[in-house]
Amino acid sequence: MTVDAQPINTRDDIKLSNAQIAWRAAQDIADGAYVNLGIGFPEMVARYQPPGRQAIFHTENGILNFGEAPPPGEEDWDLINAGKKAVTLKPGAAFFHHADSFAMVRGGHLDVAILGAYQVAQNGDLANWRVGAKGVPAVGGAMDLVHGAKQVCVITEHVTKDGKPKLVEACTFPLTGVGCITRVYTSHAVIDIQDDRFVLREKLAAMSLEELQAMTGARLHLDGSVADLVVPQL
Amino acid sequence: MTVDAQPINTRDDIKLSNAQIAWRAAQDIADGAYVNLGIGFPEMVARYQPPGRQAIFHTENGILNFGEAPPPGEEDWDLINAGKKAVTLKPGAAFFHHADSFAMVRGGHLDVAILGAYQVAQNGDLANWRVGAKGVPAVGGAMDLVHGAKQVCVITEHVTKDGKPKLVEACTFPLTGVGCITRVYTSHAVIDIQDDRFVLREKLAAMSLEELQAMTGARLHLDGSVADLVVPQL
Amino acid sequence: MDKTIGSAAEAVSGIENGMTIMIGGFGGSGAPIELIHALIDKGVKNLTVINNNAGNGRIGIAAMIDAGMVKKMICSFPRSSDPRAFTDRYLAGEIELELVPQGTLAERIRAGGAGIPAFYTPTAYGTELANGKPIAEFDGRHYVQERWLKADVAIVKAHLADTYGNLTYNKAGRNFNPLMCMAATRTIAQVSKIVSAGGIDPEHVVTPGIFVDGVVEIPNPQQEEELIRAGVAYA
Amino acid sequence: MDKTIGSAAEAVSGIENGMTIMIGGFGGSGAPIELIHALIDKGVKNLTVINNNAGNGRIGIAAMIDAGMVKKMICSFPRSSDPRAFTDRYLAGEIELELVPQGTLAERIRAGGAGIPAFYTPTAYGTELANGKPIAEFDGRHYVQERWLKADVAIVKAHLADTYGNLTYNKAGRNFNPLMCMAATRTIAQVSKIVSAGGIDPEHVVTPGIFVDGVVEIPNPQQEEELIRAGVAYA
């Protein structure tokens with residue numbers, strides 16, 4: 001077991017950057033997959049599609065197959081994504097209204113949704129919309145997106161900024177959805193959620209299972225061998 | 001009271017033709033009204049729009065503002081009405097799918113729906129889809145059309161071919177809808193349904209109230225004066 | 001990614017005995033005759049078929065019924081100018097019928113596609129078609145609870161497709177087709193022409209490609225009405 | 001029949017104190033800024049406003065809130081790049097908020113337009129946003145019963161209208177606009193151009209005219225995002 005004065009989650013040599021977490025999540029998206037990426041950090045996943053594969057991105061405000069932001073000054077502010085950022089279209093795009101858009105979500109037509117998280121519980125519960133009762137609550141499409149996609153994944157730091165586990169036995173923050181998450185890509189590991197348990201699939205080679213368990217708020221189960229989490233410099 | 005050996009309903013001199021019933025119903029359709037006409041006899045209403053008024057006709061298979069049949073040989077069999085007859089388009093037409101079409105119906109967006117009837121009860125119940133338990137049942141859009149239009153009217157002979165009342169205290173045939181009919185145009189009268197009662201508005205001048213009552217299966221109420229039902233030769 | 005399929009036979013190759021199949025069209029308008037006939041050639045059995053009607057003449061769905069492929073019809077109007085195929089089997093007790101009001105049929109299919117397991121409608125309240133269904137009162141009016149409809153496969157007819165499966169339709173041939181695309185595990189569209197991605201204006205797409213799994217080009221599709229007038233039988 | 005209205009002021013003239021108003025748009029995309037500002041000029045109060053958001057900066061819905069016109073917001077996301085108008089009033093207890101998940105909001109509006117008083121959705125099950133709502137189980141999964149949303153008036157932004165009120169939209173400016181057209185007693189659309197009947201291909205109509213009561217031409221509509229970047233305040 002590696003012992004170090006500095007907690008592992010603060011050591012940049014044993015931690016993926018956000019770009020690297022996004023890269024790892026992108027590797028699991030099949031060619032032709034229909035994908036919704038949550039606002040913010042999850043949007044980075046679109047940059048790292050493997051060569052030869054093309055995912056089709058859905059934004060809940062009514063576009064399929066949108067692309068990068070246009071050059072500054074060339075924005076059409078009717079052509080935005082769910083984060084209200086200007087986007088462009090790829091060939092084969094389509095527009096539709098909000099009810100049709102959420103029919104795609106709720107009806108199980110998306111292959112993958114990738115969201116951020118405050119907490120993920122071992123039974124698949126997700127908390128990602130508010131941390132307490134103060135301030136102005138805002139939910140957007142988060143509670144819809146956690147239902148319907150064939151795979152609903154989270155990308156996240158493994159622990160909070162002050163070192164608290166984000167993968168927990170039970171969420172303490174208000175829930176976004178119950179039993180909805182199937183896979184979590186963190187700064188340190190790739191973990192599936194199966195039968196109300198965290199099942200470890202990949203971890204950084206530089207850390208031990210015990211070190212990872214110590215950073216995790218619920219028991220990590222094994223189901224066969226654990227692969228090394230290997231990500232390029234980005 | 002006129003007394004005659006021949007029952008009044010079989011006397012063509014004291015009876016409107018189907019075209020005349022359709023004409024009378026057409027007079028109550030306002031300019032710009034959105035109207036659905038049931039298959040068959042009700043379709044005749046479209047021919048008798050008063051000059052200067054233009055109704056917009058809806059067909060439940062997904063067209064607004066369709067027009068007459070095309071000349072034989074010029075049919076496009078993707079351009080049909082609910083009765084599966086070829087139609088044409090008027091300027092300002094629109095196509096839409098079946099769910100949107102019935103959103104128009106069920107959502108109360110039609111101004112008028114005009115349907116045929118086997119029986120209409122004094123509480124507004126309609127029976128117009130089957131007469132018994134035999135044969136192959138077929139309902140189409142009838143049960144939807146009776147809900148949602150601001151006015152749901154019936155055009156019908158006042159009595160059956162064998163002289164039985166079609167306006168009754170309670171329907172004996174299977175219902176299409178409960179409490180849905182607001183006005184009935186018959187071969188002999190115009191009758192509103194209000195507060196679970198038939199209220200006579202117009203009748204043919206050549207017959208007495210008593211004669212009309214004798215042909216009607218429920219009590220006819222008066223609410224002010226009864227106008228003459230005046231219809232041109234057609 | 002290219003959703004093009006080379007032939008009608010290949011398009012229906014995944015349809016198996018016992019499946020529930022949505023078939024687009026309203027009468028002959030928007031009816032995927034070539035895909036239906038390819039399915040007859042394949043010869044599957046015990047199908048539950050969802051369509052507004054129940055076939056006409058001796059072609060299309062009527063020919064499927066004649067071929068003994070259909071166990072149950074879910075439809076609103078099993079009548080036509082020549083309804084023998086369904087009528088004879090129905091009166092002989094050889095085919096089941098679930099009769100659904102047309103607007104309820106459309107909404108149940110949309111609900112299946114939209115992940116809505118049940119909804120309330122005023123349609124059929126107080127009639128025999130609401131027998132056995134939950135009733136609820138909202139704002140003083142009674143409504144019938146209806147359940148979603150889904151299918152294993154939908155076969156539909158559209159006008160244009162691009163290689164991503166985005167679809168447009170021809171006139172009132174639209175009808176049930178866009179809804180059925182949403183409600184099936186696998187959706188196959190026959191189209192008059194397949195264009196490249198970008199060949200359909202994104203503003204004019206009626207069915208976004210996410211709802212479509214395969215498209216097959218049938219350049220000059222047959223119209224049921226014309227076949228019936230010509231007395232054609234498919235067997 | 002011609003649904004053309006001569007000015008934005010005339011278009012909103014029927015909107016009265018205490019009404020429930022649906023306002024189209026997703027953020028600034030598809031937002032009917034000119035109709036909103038005409039409504040501010042008219043100066044009604046105690047409105048319940050249904051929109052995905054709750055205003056941004058000092059224009060549009062934010063300016064309505066600043067002007068004290070809004071009693072309650074029904075929305076999914078009352079945040080923006082500059083959410084002061086709503087945030088200040090909300091934290092001061094001066095404005096009510098009904099927070100609705102975005103897809104549920106869209107479906108409730110569609111249900112209002114389609115005559116569906118209630119439906120079931122998996123969305124929000126097990127969360128505080130389902131508190132007090134009926135829960136039902138279908139096929140082993142839990143769902144929340146949601147009710148329709150309707151409004152007295154909808155004000156929306158579209159691209160083209162014909163004189164019959166048929167509408168097309170500009171790109172993702174479509175969003176909630178077609179749904180709101182369906183769900184209000186009276187629907188007014190501002191459009192970049194009004195064409196004669198027949199000027200829109202029937203295949204390309206997104207909102208059929210039956211859902212629209214009046215159209216007003218605003219040839220070069222303002223975009224919320226550009227106004228905010230320019231620091232514009234409407235008062």
Side-chain angles (χ1 to χ4, degrees), chain B residues 39 59-64 66 75-89 93-108 123 125-127 129-130 133-148 171 173-180, chain C residues 25-31 52-54 56 75-81 83 86-87 90-91 97 99-107 109-111 113-114 121-130 141-142 157 159 169-179 182 206-207 223-226:
Chain B
I39 293 173
T59 183
E60 51 265 45
N61 56 313
I63 319 174
L64 269 174
F66 67 97
E75 298 92 350
D76 177 342
W77 292 109
D78 278 345
L79 185 58
I80 62 175
N81 67 11
K84 317 257 167 46
K85 294 185 194 129
V87 296
T88 51
L89 295 183
F95 295 116
F96 35 86
H97 61 51
H98 252 86
D100 282 350
S101 183
F102 280 91
M104 294 175 192
V105 172
R106 202 193 299 108
N123 66 351
D125 288 359
L126 172 69
W129 74 289
R130 66 188 311 201
K134 284 190 183 172
V136 178
V139 67
M143 286 192 186
D144 306 282
L145 282 166
V146 297
H147 297 289
C171 294
F173 294 144
L175 291 186
T176 306
V178 298
C180 51
Chain C
F26 179 84
S29 172
N52 185 65
N53 305 95
N56 194 1
C75 70
S76 90
F77 204 78
R79 285 193 207 136
S80 62
S81 61
F86 179 82
T87 300
Y90 178 77
L91 296 179
L97 170 64
L99 192 73
V100 183
Q102 194 173 137
T104 298
L105 182 64
E107 191 66 16
I109 297 168
R110 181 194 175 271
T121 174
T123 300
Y125 172 71
T127 79
E128 64 187 62
L129 294 191
R141 192 172 171 194
H142 289 94
K157 183 184 191 177
H159 179 50
Y169 298 88
N170 183 44
K171 305 188 180 73
R174 192 178 299 198
N175 56 65
F176 283 90
N177 285 299
L179 308 173
M182 299 168 67
V206 176
T207 292
Q223 283 284 2
E224 184 178 278
E225 188 70 25
E226 289 170 4

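Note that these values count all heavy atoms, side chains included, but never hydrogens, waters or copies made by symmetry. To find a chain, count down the sequence lines: A is the first, B the second, and so on, and within it residues start at 1.
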Of the backbone (N, CA, C, O) and the side chain (C-beta and beyond), which part of C/L97 lies under 4.5 Å from a heavy atom of chain B, both, or neither?
side chain
Would you call the rings of C/F176 and B/H98 parallel, tilted or perpendicular, where under 30° means parallel and over 60° means perpendicular?
parallel
Measure B/V136 against the heavy atoms of chain C and call it side chain, backbone, both or neither at under 4.5 Å.
both
Taking side chain as everything from C-beta outward and backbone as N, CA, C, O, which of these in B/F102 sits under 4.5 Å from a heavy atom of chain C? Side chain, backbone, both or neither.
side chain
Within the distance-only criterion (no hydrogens, no angle test), does the side chain of B/D125 pair as donor or acceptor with the backbone N or O of B/G179 below 3.5 angstrom?
yes
Is it the backbone or the side chain of C/Y90 that comes under 4.5 Å from a heavy atom of chain B, or both, or neither?
side chain
What part of C/Y169 is in contact with chain B, defined as an atom under 4.5 angstrom from a non-hydrogen atom: side chain, backbone, both or neither?
neither
Under the 3.5 angstrom rule, does the side chain of C/N53 hit a backbone N or O of C/F77 as a donor-acceptor pair?
yes
Non-hydrogen atoms of chain B under 4.5 Å away: do they reach the side chain of C/V206, the backbone, both or neither?
neither
Compare every heavy atom of B/T59 with every heavy atom of B/S101, then report the nearest pair and how far apart it is.
OG-O, 3.7 Å
Salt bridge check, C/K157 against C/E224: does any charged N sit closer than 4.0 Å to a carboxylate O?
no
B/I80 versus chain C, heavy atoms under 4.5 Å apart: side chain, backbone, both or neither?
both
Which atoms of C/P178 approach chain B - backbone, side chain, both or neither, heavy atom under 4.5 Å:
side chain
Side chain / backbone / both / neither for C/T104 at chain B, heavy atoms under 4.5 Å:
both
Under 4.5 Å heavy-atom distance to chain B, tell me which part of C/N177 shows up: side chain, backbone, both or neither.
neither
